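Since the structure comes first, as structure tokens, the remarks are kept for the end.
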Amino acid sequence: MNALIEHQDLSAFNTLAIQAEARFYWAIESQADLSAALTWYRQENPQMPLLVLGGGSNIILSDHFPGLVLHMQNKGIALLEEKSDDETVSIDVAAGENWHELVCYCCEQGWHGLENLALIPGAAGAAPIQNIGAYGVELCDVMDSLECLEVDSGKRYRLSAEQCQFAYRDSLFKKAGEPRRIISSIRLRLRREACLNTQYPGLQQSLHSLGVTPEQASPGDILQAVCNLRRAKLPDPAALPNVGSFFKNPIVSEGHYQQLKSEYADLVAYPHGEDYKLAAGWLIDQAGWKGHREARVAVHEQQALVLVNHKRGSAKDVLALAQKIRDDIWQRYQVSLEIEPRHIQVDGALAPS
Ligand code: EPU
């Protein structure tokens, strides 16, 4: 069983490589670890900030975290025979499983639906928080339910996908006023028969480069095409620290979209219900920010939506650059960009989004 560690360096545990230190830290590999950590926490000071860390790939840490970090490293993928049938397979995945390894494992087993979500960094337990999505598929398309533990009441229960209130890069877990919850495992419902989503234009091109048409593509081809696409466009956090898309694609009214479209004929946008979702990467790129470098942080050279930490910048450096971009985008297009990763402030609280 793991024990409490004081003054733990978190730089290797966040993909933006911010040199943050946690006052208290507990690696969670089992149910026993979680119970012990929470018992300690409640006795020590249940008001102290608590941070649940998965792969650390969607988080902006401040230099010092003044509370307890629970680092989810519990493992296990279990096939639920009684909940599977000829068409579908249900699996329970422990929160600490690496997401991309899960995607590859399921594809090898012939359990389909996750291929488009290959190479997304992070842990399985973090996936529901922002409802991860890529190339036309979102987690909510394959999610059945999840198991969680309420920190304050100690209650353990299951929430259905519907109860999780999934939306674009959003869920119940991001809403203010909700009880503090720790996701311990997620349950996915996958398909035995390949059911491929190849609508995304970039994915079709990537399949063609592999020598297959979208109609002929196997699940393995999709997985490979997605990996190739992401490797070409998105920096590997191990080589160039980043948290993927730094901003959400903003949603604007049809009137606003029409007005922008009349001014910028090649604006990239997708219908989103009655509104339109704009490609923030396009807006930032057009505004001339792609490849922009500051002393410690920069805008990635291939994808304007990604900020990179090339010289050990802090949360302040990253957020200062993000603010300059937000101000400029507002000036040019009257579009408000929202930051996508979660920012943990110096007092340990989550910054409002
Ligand atoms: N574009 C530019 N310049 C850029 C970047 C993009 O002109 O610098 C244009 C592209 O040409 C394209 C459009 O913007 O026409 C959209 O770009 P892309 O296909 O790269 O996707 P995205 O909207 O930038 C979203 C997700 C990604 C996900 C991809 C693929 C968000 C915030 N981001 O990016 O998710 O991988 O679609 O589905 O929704 C993440 O969340 O960390 C992430 C990487």
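The shown structure was predicted, so the numbers you read here are calculated from the model rather than taken from an experiment. Note that these values count all heavy atoms, side chains included, but never hydrogens, waters or copies made by symmetry.
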Can you check whether Leu80 reaches Arg187 side chain to side chain, under 4.5 Å on heavy atoms? yes
Between Arg189 and Thr88, does any side-chain donor sit less than 3.5 Å from a side-chain acceptor? no
With sequence neighbours excluded, what pairs up with Lys174 under the salt bridge (charged side-chain N to carboxylate O under 4.0 Å, His left out) test? none
Would you please name every residue forming a side-chain hydrogen bond (donor to acceptor under 3.5 Å, both in side chains) with Ser218, sequence neighbours left out? Asp221
Distance-only donor-acceptor hits, side chain of residues 114-127, under 3.5 Å, sequence neighbours excluded:
| from | atom 1 | to | atom 2 | distance (Å) |
| --- | --- | --- | --- | --- |
| Glu115 | OE1 | Gly113 | N | 3.0 |
| Glu115 | OE2 | His112 | ND1 | 2.8 |
| Asn116 | ND2 | Tyr135 | O | 2.8 |
| Asn116 | ND2 | Asn197 | O | 2.9 |

If two hydrophobic side chains count as joined below 4.5 Å and joins carry through other members, does Met143 share a cluster with Trp99? yes
Contacts of Asp236 that satisfy side-chain hydrogen bond (donor to acceptor under 3.5 Å, both in side chains) - sequence neighbours left out: none
Under the rule for salt bridge (charged side-chain N to carboxylate O under 4.0 Å, His left out), what residues qualify as partners of Arg156, not counting sequence neighbours? Glu147
To the nearest 0.5 Å, what is the distance between CG on Asn2 and OG on Ser30? 7.0 Å
Do Leu260 and Val335 come within less than 4.5 Å of each other through their side chains, counting heavy atoms only? yes
By salt bridge (charged side-chain N to carboxylate O under 4.0 Å, His left out), Glu340 pairs with (sequence neighbours left out) Arg169
Can you tell if the side chain of Thr198 reaches within under 4.5 Å of the side chain of Glu215, non-hydrogen atoms only? no
Are Ile344 and Ile60 close enough that some pair of their side-chain heavy atoms sits under 4.5 Å apart? no
Determine whether Leu190 and Cys106 make a side-chain contact, defined as any pair of heavy atoms from C-beta on separated by less than 4.5 Å. yes
Applying a strict under-4.5 Å side-chain criterion to I, L, V, M, F, W and Y, I'd like to know whether Val151 and Leu4 cluster together. yes
Just distance, no hydrogens or angles: give the donor-acceptor pairs under 3.5 Å from side chains in residues 65-78, sequence neighbours left out.
| from | atom 1 | to | atom 2 | distance (Å) |
| --- | --- | --- | --- | --- |
| His71 | ND1 | Tyr25 | OH | 2.7 |
| His71 | ND1 | Gln73 | NE2 | 3.0 |
| His71 | NE2 | Gly54 | O | 3.3 |
| Asn74 | OD1 | Gly96 | N | 2.9 |
| Asn74 | ND2 | Ser184 | O | 3.2 |

If two hydrophobic side chains count as joined below 4.5 Å and joins carry through other members, does Val308 share a cluster with Val318? no
Any Tyr105 side-chain heavy atom under 4.5 Å of Glu97 side chain: no
Would you give me the side-chain donor-acceptor pairs under 3.5 Å for residues 264-276, sequence neighbours excluded?
none

Within a strict 4.5 Å, meaning less than it, do heavy atoms of the Ile5 and Trp26 side chains meet? no
side-chain hydrogen bond (donor to acceptor under 3.5 Å, both in side chains) contacts touching residues 322-334 (sequence neighbours left out): Trp289-Asp328, Glu294-Lys324, Gln323-Asp327, Asp328-Arg332
Please say whether more than 12 non-hydrogen atoms of neighbouring residues, nucleotides or ligands are located less than 6.0 Å from NZ in Lys290. yes
Show me the pairs that pass side-chain hydrogen bond (donor to acceptor under 3.5 Å, both in side chains) and involve residues 6-18, at least two apart or across chains. Glu6-Arg23, His7-Glu21, His7-Arg23, Asp9-Ser11
Who passes side-chain hydrogen bond (donor to acceptor under 3.5 Å, both in side chains) against Glu150, sequence neighbours left out? Ser153, Tyr157
Listing request: all side-chain hydrogen bond (donor to acceptor under 3.5 Å, both in side chains) pairs with a residue in residues 295-306, at least two apart in sequence or in separate chains. His300-Gln302
Begin with the C-alpha distance, continue with both residues' side-chain angles, and end with the deciding distance and a verdict on salt bridge (Lys or Arg N to Asp or Glu O under 4.0 Å) for Lys175 and Asp170. CA-CA 9 Å; Lys175 303 221 176 340; Asp170 199 19; 3.5 Å; yes
Flag, side chain of Ser206 to backbone of Val226, donor-acceptor distance under 3.5 Å: no
